[in-house]
Amino acid sequence: MRRNQIIIASTIGTLAAISIGYFGVQIFGRDTMYGVSAGMVGLGAGEYLGQVVSKKKQRRMVLI
């Protein structure tokens with residue numbers, strides 16, 4: 001992708017996340033949205049760690 005397309009896509013994604021969060025708080029309440037955001041952070045961290053472990057396993061297989 002070209003740089004301008006990446007900037008536009010990132011801006012649109014950020015605005016969408018802010019608007020979804022705003023309306024989510026209006027509908028579900030602040031505490032529920034805190035729970036949702038904490039869950040998403042946990043899922044992101046888990047996925048990241050899964051990728052790190054997977055890459056380490058691949059490197060070990062190449063060395064063996």
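Here the structure is a predicted model, which means the values were calculated and not measured. Because only heavy atoms are used, hydrogens play no part in the values below, and waters and symmetry mates are left out as well, while side chains stay in.
Residue V41 belongs to no hydrophobic cluster, having no ILVMFWY side-chain heavy atom closer than 4.5 Å to its own.
No donor-acceptor pair under 3.5 Å is formed between the side chain of E47 and the backbone N or O of G44. Between the side chain of T14 and the backbone N or O of S10, at least one donor-acceptor pair lies under 3.5 Å.
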Side-chain donor-acceptor distances from residues 20-40 under 3.5 Å, at least two apart:
unit_1 : atom_1 : unit_2 : atom_2 : d
T32    : OG1    : F28    : O      : 3.3
S37    : OG     : M33    : O      : 3.2
S37    : OG     : Y34    : O      : 2.9

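Every side chain to side chain contact (heavy atoms under 4.5 Å, CB included) that I8 has, sequence neighbours left out, goes to I12.
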